[in-house]
Amino acid sequence: MKKAQQILLGTVLMMIGLNALPLSLNAQQTKETKTTSEDNLNKKDKLGKKQGMWFFNMPEQFGDPSYMEFGTYKDDLKSGLWYKLSQERQLISIETFKQGVLDGQAQYFDEGRLYCIGHYRGIYSKYAYDTFMVTNPVTLNDTMVIISSDRGYTKHGLWRYYNPVTGHLVKEEEYQVDLLLREEEFTEPAPRATPERPKLPHEGGKHKGWDAGKASSKKSLIK
């Protein structure tokens, strides 16, 4: 799994030429400053709307570490996959956006190792509140749920959590518009016991009639 993640990260970095980007911005630069004039990044159209690939180098803020972020804008709204990386270029998250709102699969990483895959459902209502029908998985009864549009998105569908070291599934959660319907935890397989290595003759074991445990014996390997 770790090797696959490294390949994915390397492919992403090569795709946008991230290695050519500086790792820090001058204090005079804003978060949306273009890296170089020839880079095909951080472009705006004639109306001043962000279009295409954008790269941000976000400084440390309120105790949170700095990070890098890149993805695509369409008409000033985030669209498609957005990647967040630490300053050490380890993946932090891969999230899906539609019309500037989290909507779709999201993946989260611990020091570059996958630990969570989940899904969001965006809220696009032009009104202050939106309504959703939630189905009880046991009774199959439908209930109307009212959610504030200010929330922008909700957890929706299956969320899986993994041990980032072993890759084993440790927990599953199922949501409908932020309501937890089911939760299940899993026990990781016990590590395989390492078979005990037979003792060699000079370590006190016996092998083909040699009594290696007695140094005074003429048959001892150690005299």
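Just so you know, these numbers come straight off a predicted model, no measurement behind them. Keep in mind that the numbers below use all heavy atoms, side chains included, and drop hydrogens, waters and symmetry copies.
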Colleague: Could you tell me which residues satisfy salt bridge (Lys or Arg N to Asp or Glu O under 4.0 Å) with Glu173, sequence neighbours excluded, listed by chain and number?
Modeller: Lys171
Colleague: Between Ser149 (side chain) and Tyr127 (backbone), is there a donor-acceptor pair under 3.5 Å?
Modeller: yes
Colleague: Could you list the residues that satisfy ring-ring contact (aromatic ring centres under 6.0 Å, His included) with Tyr153, not counting sequence neighbours?
Modeller: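 Tyr153: ring-ring contact (aromatic ring centres under 6.0 Å, His included) contacts with Tyr120.
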Colleague: With sequence neighbours excluded, what pairs up with Leu169 under the side-chain contact (heavy atoms from CB on, under 4.5 Å) test?
Modeller: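 Scan of Leu169 (side-chain contact (heavy atoms from CB on, under 4.5 Å), adjacent residues dropped) gives Arg160, Tyr162, Glu172, Phe186.
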Colleague: Do any side-chain atoms of residues 92-100 form donor-acceptor pairs under 3.5 angstrom with protein atoms, and if so which ones, sequence neighbours left out?
Modeller:
residue, atom, partner, partner atom, Å
Glu95, OE2, Tyr108, OH, 2.6
Thr96, OG1, Gln105, O, 2.8

Colleague: If I compare all heavy atoms of Tyr115 with all of Asp110, which pair ends up nearest, and what's the gap?
Modeller: CD2-N, 3.5 Å
Colleague: Who pairs with Lys49 by salt bridge (Lys or Arg N to Asp or Glu O under 4.0 Å), at least two apart in sequence or on another chain?
Modeller: none
Colleague: Can you tell me if His156 uses its side chain to pair, donor with acceptor, with the backbone of Val177 under 3.5 Å?
Modeller: yes
Colleague: Considering all heavy atoms of both residues, which atom of Ile123 and which atom of Ser148 are nearest to each other, and what is their separation?
Modeller: CD1-O, 3.9 Å
Colleague: Please identify each residue that fulfils salt bridge (Lys or Arg N to Asp or Glu O under 4.0 Å) with Asp75, with sequence neighbours left out.
Modeller: none
Colleague: Apply the side-chain contact (heavy atoms from CB on, under 4.5 Å) test between Lys84 and each candidate in Met58, Met68, Glu69; give the one that qualifies.
Modeller: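 For Lys84, the side-chain contact (heavy atoms from CB on, under 4.5 Å) test succeeds with only one of Met58, Met68, Glu69, which is Glu69.
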Colleague: Got a sec, which residues hit salt bridge (Lys or Arg N to Asp or Glu O under 4.0 Å) with Glu184, two or more places apart in sequence or on another chain?
Modeller: Arg182
Colleague: Which residue pairs pass the salt bridge (Lys or Arg N to Asp or Glu O under 4.0 Å) test when at least one of the two sits in residues 146-159, sequence neighbours left out?
Modeller: Arg151-Asp178
Colleague: With sequence neighbours left out, write down each residue that passes side chain to side chain donor-acceptor pair (under 3.5 Å) with Ser86, or none if nothing qualifies.
Modeller: Glu88
Colleague: Applying side chain to side chain donor-acceptor pair (under 3.5 Å), can you list everything that pairs with Asp76, at least two apart in sequence or on another chain?
Modeller: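 Testing Asp76 for side chain to side chain donor-acceptor pair (under 3.5 Å), a comparison that skips the adjacent residues, returns none.
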Colleague: Determine whether the side chains of Thr135 and Asp142 contain a donor N or O and an acceptor N or O closer than 3.5 Å.
Modeller: yes
Colleague: Does either side chain, that of Thr166 or that of His168, offer a donor lying less than 3.5 Å from an acceptor on the other one?
Modeller: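 Thr166 vs His168: donor-acceptor pair found between side chains.
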Colleague: Within a radius of less than 6.0 Å around CE of Met144, do more than 12 heavy atoms belonging to other residues, nucleotides or ligands occur?
Modeller: no
Colleague: Could you tell me how the ring of Trp82 sits relative to the ring of Phe56: parallel (under 30°), tilted (30 to 60°) or perpendicular (over 60°)?
Modeller: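 Taking Phe56 first and then Trp82, their aromatic rings lie parallel (interplane angle under 30°).
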Colleague: Show your reasoning for whether side-chain contact (heavy atoms from CB on, under 4.5 Å) applies to Phe132 and Arg121.
Modeller: CA-CA 11 Å; Phe132 299 88; Arg121 178 172 179 172; 3.5 Å; yes
Colleague: Using distance alone, with no hydrogens and no angle criterion, decide if Asp103 and Tyr124 have a side-chain donor and acceptor under 3.5 Å apart.
Modeller: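 Yes.
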Colleague: List for me each residue that meets side-chain contact (heavy atoms from CB on, under 4.5 Å) alongside Val170, sequence neighbours excluded, and say none if there are none.
Modeller: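 Testing Val170 for side-chain contact (heavy atoms from CB on, under 4.5 Å), a comparison that skips the adjacent residues, returns Tyr161, Asn163, Glu188.
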Colleague: Could you tell me which residues satisfy side chain to side chain donor-acceptor pair (under 3.5 Å) with Glu185, sequence neighbours excluded, listed by chain and number?
Modeller: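 Result, side chain to side chain donor-acceptor pair (under 3.5 Å) vs Glu185: none returned.
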Colleague: Measure from the side-chain N and O atoms of Trp159 to the backbone N and O of His119, and report whether any donor-acceptor pair falls under 3.5 Å.
Modeller: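 Indeed, once roles are kept as given, a pair shorter than 3.5 Å links the two residues.
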Colleague: Tell me if the OH atom of Tyr129 is crowded by more than 12 foreign heavy atoms within 6.0 Å.
Modeller: no
